[in-house]
2 protein chains.
Amino acid sequence: MAAVVGHEDTRTRLLATALRLFTTHGVEGTSLQMIADELGVTKAAVYYHFKTKDEITEAVVEPGLRELEATVEEATRERRPGARIDHLLTGFVDVVVRHRALVALFSSDPGVARALEKHFFHKESAMAGMITILAGPDPDPARLVAAHAALAGIALAGGAPDLAHLDDPTLRDALLDVGRKLLGRPRPRAPRAPAHVR
Amino acid sequence: MAAVVGHEDTRTRLLATALRLFTTHGVEGTSLQMIADELGVTKAAVYYHFKTKDEITEAVVEPGLRELEATVEEATRERRPGARIDHLLTGFVDVVVRHRALVALFSSDPGVARALEKHFFHKESAMAGMITILAGPDPDPARLVAAHAALAGIALAGGAPDLAHLDDPTLRDALLDVGRKLLGRPRPRAPRAPAHVR
DNA sequence: GTCTATAATACGATAGAC
DNA sequence: GTCTATCGTATTATAGAC
């Protein structure tokens, strides 16, 4: 199973380049010409790998979105509401850390939503599902705002260029802390230290 | 002092329309044709009020950015670090609530940064200044991440369409709560209720 | 202040050579 | 698998009539 390597490689390079350009210029602000130039090929060469620009956008976003949807589905299966939140929170943070800028991209870039709404993927429902789990049924405004802020804060902080120097475990812990503070969840295995803390 | 009213009115309508389109399609995803169509005028009419698209982007963003810069400057003048954080936090939340989608726009849209970096405004330094105040000097990773998450979370939650139905005081309180939780600040005038709360 | 008309350029996308 | 060349359209922006 080691055929078409050259093909896969160029395709992978293309997606990596596209992601980088998308995060700095936005999807709509990135032209196929820019991608081709960065790759050192022509526009027509890009069109060999992908039929349309939307197809590129989908392919860039796909892996992260798939993992996110899987995490939401897993979390939904938890019986206790608190466990649902914890499962979703850790799963979300893991995806953000694994893909860094990607989640920030489709948390805020309208071009991603536009490209995705025409096909199978449903970013909207994944986001709605996460909010429902985090805020619970019939949430008060404070909890609803906290849920939104947690998702946006984790996604954008995780993808922030200023924080790119942090290694994965450090970033992961810090992002988990953000989520736990906003959602009122205890840290695992250290429920609540009484008085000598800080 | 009540001249040129018609002019000001169209200009204001134009900016409001531009902001709305920017938030739903992104700056680069919004064409002057879209703005003109939405206004019921032609592209040339838009060009009467603004010489370039960048000028529109600047004008849309200007009021919010000015208020933000003023808030940062005020906060910097506070002597105690905690007071600096509280001042910046409340000021930032007020700007977000007053302008709702605007702050979310220039927190995440690359088109805004691109349009601004060519002229007087310095979004970058305003953001850096806020992070410095919130995270303090030589911050550990956790505090740095918390500061980033607080700003991004407040901005994007404040501009979220899902939360547009919340009235200003409710949204304001909820966003302040987000910031305080992430930055470890106490709620004013109700330091810590002992046991009967919740 | 808004219009028609148009210029110059960039866009996404296709055809066909190599 | 990548190229040159091109099509049709949309873009920002300008000139000039009304």
Side-chain angles (χ1 to χ4, degrees), chain A residues 2-22 24-61 109-119, chain B residues 2-22 24-61 109-119:
Chain A
V4 285
V5 182
H7 179 89
E8 281 289 333
D9 192 51
T10 305
R11 193 190 149 100
T12 305
R13 279 205 315 137
L14 198 160
L15 289 179
T17 303
L19 172 58
R20 189 163 40 78
L21 289 172
F22 285 172
T24 50
H25 301 103
V27 172
E28 310 260 15
T30 303
S31 69
L32 298 180
Q33 190 69 67
M34 290 164 111
I35 298 174
D37 288 353
E38 203 85 354
L39 268 167
V41 298
T42 62
K43 254 195 304 181
V46 173
Y47 272 104
Y48 170 79
H49 295 280
F50 298 95
K51 273 198 276 291
T52 66
K53 189 187 176 184
D54 281 0
E55 220 172 79
I56 299 179
T57 310
E58 285 173 21
V60 166
V61 163
D109 195 315
V112 173
R114 197 199 53 80
L116 260 53
E117 70 189 6
K118 296 182 178 174
H119 286 72
Chain B
V4 283
V5 183
H7 180 90
E8 280 290 334
D9 192 53
T10 305
R11 193 190 148 98
T12 306
R13 280 205 315 137
L14 199 160
L15 289 179
T17 303
L19 172 58
R20 188 163 40 79
L21 289 171
F22 284 172
T24 51
H25 302 102
V27 172
E28 310 260 15
T30 303
S31 69
L32 299 180
Q33 189 70 68
M34 289 164 127
I35 299 174
D37 288 353
E38 204 85 353
L39 269 167
V41 299
T42 63
K43 259 193 302 181
V46 173
Y47 272 105
Y48 170 79
H49 294 279
F50 298 95
K51 273 198 276 289
T52 65
K53 188 186 176 184
D54 282 0
E55 220 173 78
I56 298 179
T57 309
E58 286 173 22
V60 166
V61 163
D109 195 314
V112 173
R114 196 198 52 83
L116 259 53
E117 70 189 6
K118 295 182 181 175
H119 286 71

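In what follows, chains carry the letters A, B, and so on, assigned in the order in which the sequence lines appear, proteins first and then strands, with residues in each chain numbered from 1.
The shortest side-chain heavy-atom distance between H49(B) and I56(B) does not fall under the 4.5 Å cut-off. Side-chain contact between V41(A) and T10(A): absent, with no pair of heavy atoms (C-beta onward) separated by less than 4.5 Å. V27(A) has its side chain out of reach of E28(B): every pair of non-hydrogen atoms, C-beta onward, lies at least 4.5 Å apart.
Of the possible donor and acceptor atoms, none in the side chain of T17(B) sits under 3.5 Å from a partner among the backbone N and O of E38(B).
Atom-to-atom, CD1 of I35(B) to P of dT2(C) comes out at 15 Å; the value is rounded to the nearest Å. Protein atom CG of L39(B) is 13 Å distant from nucleotide atom C1' of dG1(C), rounded to whole Å. One interatomic measurement links the two molecules: OH of Y48(B) to P of dT4(C), which rounds to 18 Å at whole-angstrom precision. Here the C1' atom of nucleotide dT2(D) and the CG atom of D37(A) are 15 Å apart, to the nearest Å.
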Worksheet item: Taking it one step at a time, do D109(A) and F22(A) satisfy side-chain contact (heavy atoms from CB on, under 4.5 Å)?
Response: CA-CA 9 Å; D109(A) 195 315; F22(A) 285 172; 5.7 Å; no
Worksheet item: Would L32(B) and Y47(B) satisfy side-chain contact (heavy atoms from CB on, under 4.5 Å), going step by step from the backbone distance to the final call?
Response: CA-CA 9 Å; L32(B) 299 180; Y47(B) 272 105; 2.9 Å; yes
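Of the side-chain N and O atoms in T42(A), one or more sit less than 4.0 angstrom from OP1 or OP2 of dC3(D).
Stem regions annotated for DNA chain C: C:1-18 with D:1-18, counting only runs of 3 or more consecutive pairs of Watson-Crick or G-U type with both contacts under 3.5 Å.
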Provide a list of protein-nucleic acid N or O atom pairs under 3.5 angstrom, restricted to nucleotides 10-13 of chain C.
{"residue": "dC11(C)", "atom": "OP1", "partner": "S31(A)", "partner atom": "OG", "Å": "3.1"}
{"residue": "dG12(C)", "atom": "OP1", "partner": "K53(A)", "partner atom": "NZ", "Å": "3.3"}
{"residue": "dG12(C)", "atom": "OP2", "partner": "L32(A)", "partner atom": "N", "Å": "3.0"}
{"residue": "dG12(C)", "atom": "N7", "partner": "K43(A)", "partner atom": "NZ", "Å": "3.1"}
{"residue": "dG12(C)", "atom": "O6", "partner": "K43(A)", "partner atom": "NZ", "Å": "3.4"}
{"residue": "dA13(C)", "atom": "OP2", "partner": "Y47(A)", "partner atom": "OH", "Å": "3.1"}
{"residue": "dA13(C)", "atom": "OP2", "partner": "K53(A)", "partner atom": "N", "Å": "2.9"}
{"residue": "dA13(C)", "atom": "O5'", "partner": "Y47(A)", "partner atom": "OH", "Å": "3.3"}
{"residue": "dA13(C)", "atom": "N6", "partner": "K43(A)", "partner atom": "NZ", "Å": "3.4"}

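The two residues F50(B) and E55(B) have their closest heavy-atom pair at CA-OE1, 3.6 Å. The two residues L15(A) and A59(A) make their nearest non-hydrogen contact at CD2-CB, 3.7 Å.
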